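Because only heavy atoms are used, hydrogens play no part in the values below, and waters and symmetry mates are left out as well, while side chains stay in. What you see is a predicted model; the values in this text were computed from it and never measured. Quick note on labels: first sequence line is chain A, next is B, and so on, each numbered from 1.
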2 protein chains.
Amino acid sequence: MTTSAPELVRVLGALADDTRWQILDRLGTSAASASALAQELPVTRQAIARHLTQLQDVGLVTPVRAGREIRWTATADRLVEVGDQLRAVADGWTRRLQTVKRLAEAADSDPDPDRSG
Amino acid sequence: MTTSAPELVRVLGALADDTRWQILDRLGTSAASASALAQELPVTRQAIARHLTQLQDVGLVTPVRAGREIRWTATADRLVEVGDQLRAVADGWTRRLQTVKRLAEAADSDPDPDRSG
DNA sequence: GGTATGTGCAACGCCACGATTGCAGACGAT
DNA sequence: ATCGTCTGCAATCGTGGCGTTGCACATACC
């Protein structure tokens with residue numbers, strides 16, 4: 001496993017914000033500093049800095065010092081992990097729900113098969 | 001495409017809550033009504049009802065009337081869609097960032113190749 | 001018809017989140 | 001050494017989300 005269940009909720013929380021997606025999309029194109037992002041997006045540099053630390057906490061962005069400034073990059077691998085994890089959960093649902101459905105259908109045509117044994 | 005960008009943020013927002021995940025995990029096992037969920041989870045039925053409508057708005061649960069009660073089921077297909085969409089975004093990042101990296105390396109060994117034309 | 005169970009809507013309080021402003025420290029350039 | 005720029009921390013404000021309580025309506029069962 002790559003992420004615990006409560007961690008997954010934190011990552012999803014980080015992804016559940018429009019401004020952070022703007023930042024991520026921008027950093028998915030090329031690296032940029034917080035000040036540079038503040039000039040491109042309609043929010044303050046401090047707000048962007050907070051978002052960046054939050055994104056870094058869940059591993060969605062990576063900082064790289066370049067002189068006196070810090071260039072940030074979107075971490076694609078982390079996003080892939082989240083996507084795979086969601087699909088894994090979905091697979092678990094389909095299996096269990098199909099099992100329940102089969103049991104219901106079996107009980108419909110043959111109610112209480114345990115008695116026969 | 002299955003989901004627009006702002007819709008994706010809404011779905012992720014619905015997934016960014018611990019109580020809603022408890023509901024989803026429970027409904028991923030078998031269908032249940034809001035009242036039944038209220039007896040299993042440490043929250044009120046009204047709170048669960050609000051969560052269910054929110055999850056329904058983004059297509060993560062499906063209601064089915066069974067007599068006087070409404071049984072809800074987790075929609076696995078929707079979660080798969082979200083996972084695939086996240087992976088698609090991640091793929092876009094990796095391609096663009098690798099392109100930028102190549103350009104940087106090319107400029108390192110051959111600075112300003114445009115002049116040669 | 002009466003009772004019990006399940007659902008629906010509205011109002012309220014509480015807390016976290018997003019964004020802003022202000023100030024201070026650190027590093028590079030001149 | 002000085003100036004300009006980038007970063008960092010703290011305080012504040014407004015808004016939205018989560019949960020609760022209370023009441024009203026609909027439906028199945030006796």
Point to revise | Residue mapping more 5' on DNA chain D - nearest nucleotide basis, A/W72 or B/R65 | key: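 By nearest-heavy-atom nucleotide position, the 5'-most residue is A/W72.
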Point to revise | Verdict with reasoning, A/L8 to B/L15, per side chain to side chain contact (heavy atoms under 4.5 Å, CB included) | key: CA-CA 9 Å; A/L8 179 61; B/L15 291 173; over 6 Å; no
Give every pair of a protein N or O atom and an N or O atom of nucleotides 1-6 of chain D that lie under 3.5 Å apart, one pair per line with the distance.
residue	atom	partner	partner atom	Å
D/dG4	N2	A/R68	NH1	2.6

Nearest-0.5 Å distance, [atom1] of residue [X] to [atom2] of residue [Y]:
X	Y	atom1	atom2	answer
B/I48	B/Q39	CD1	CD	9.5 Å
B/L86	B/L12	CG	CG	6.0 Å
A/T73	B/W93	OG1	CH2	11.0 Å

Check your understanding: For the base of D/dG19, is there a side-chain donor-acceptor partner from B/Q46 under 3.5 Å away?
Key ->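 Answer no: no donor N or O sits under 3.5 Å from an acceptor.
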Check your understanding: What are the bounds, 5' to 3', of the part of DNA chain C that sits under 4.0 Å from heavy atoms of chain A?
Key ->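 Reading along DNA chain C, I get C/dG18 to C/dG28.
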Point to revise | Helix axis bend for the helix from C/dG1-D/dC30 to C/dT30-D/dA1 - C1'-based end axes, five pairs, 10° rounding | key: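 End axes: 30° apart.
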Listed partners of [X] passing side-chain contact (heavy atoms from CB on, under 4.5 Å), at least two apart:
X	value
A/I70	A/P63, A/R65, A/W72
A/D77	none
A/A88	none

Review point. Under the salt bridge (charged side-chain N to carboxylate O under 4.0 Å, His left out) rule, what pairs show up with a residue in residues 24-40 of chain B, not counting sequence neighbours?
Key: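 Checked against salt bridge (charged side-chain N to carboxylate O under 4.0 Å, His left out) - neighbours excluded - the pairs reaching residues 24-40 of chain B are B/R26-B/E40.
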Residues forming a salt bridge (charged side-chain N to carboxylate O under 4.0 Å, His left out) with [X], sequence neighbours excluded:
X	answer
A/D84	B/R87
B/E7	B/R10, B/R78
A/R45	none

Point to revise | Contact residues, residues 50-64 of chain B to DNA chain D [heavy atom, < 4.0 Å] | key: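 The answer is B/H51, B/Q54.
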Point to revise | Neighbours of DNA chain D within residues 8-27 of chain A, by heavy-atom distance under 4.0 Å | key: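 Close to the strand, none.
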Check your understanding: B/I48 CD1 to D/dT21 P: how many Å, rounded?
Key ->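 Computing the B/I48:CD1 to D/dT21:P distance gives 14 Å.
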Review point. Would A/H51 and A/D17 satisfy side chain to side chain contact (heavy atoms under 4.5 Å, CB included), going step by step from the backbone distance to the final call?
Key: CA-CA 10 Å; A/H51 287 307; A/D17 183 78; 3.9 Å; yes
Check your understanding: Would you find a donor on one side and an acceptor on the other, under 3.5 Å apart, between the side chain of B/R71 and the backbone of B/A31?
Key ->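 Side chain of B/R71 to backbone of B/A31: a pair is present.
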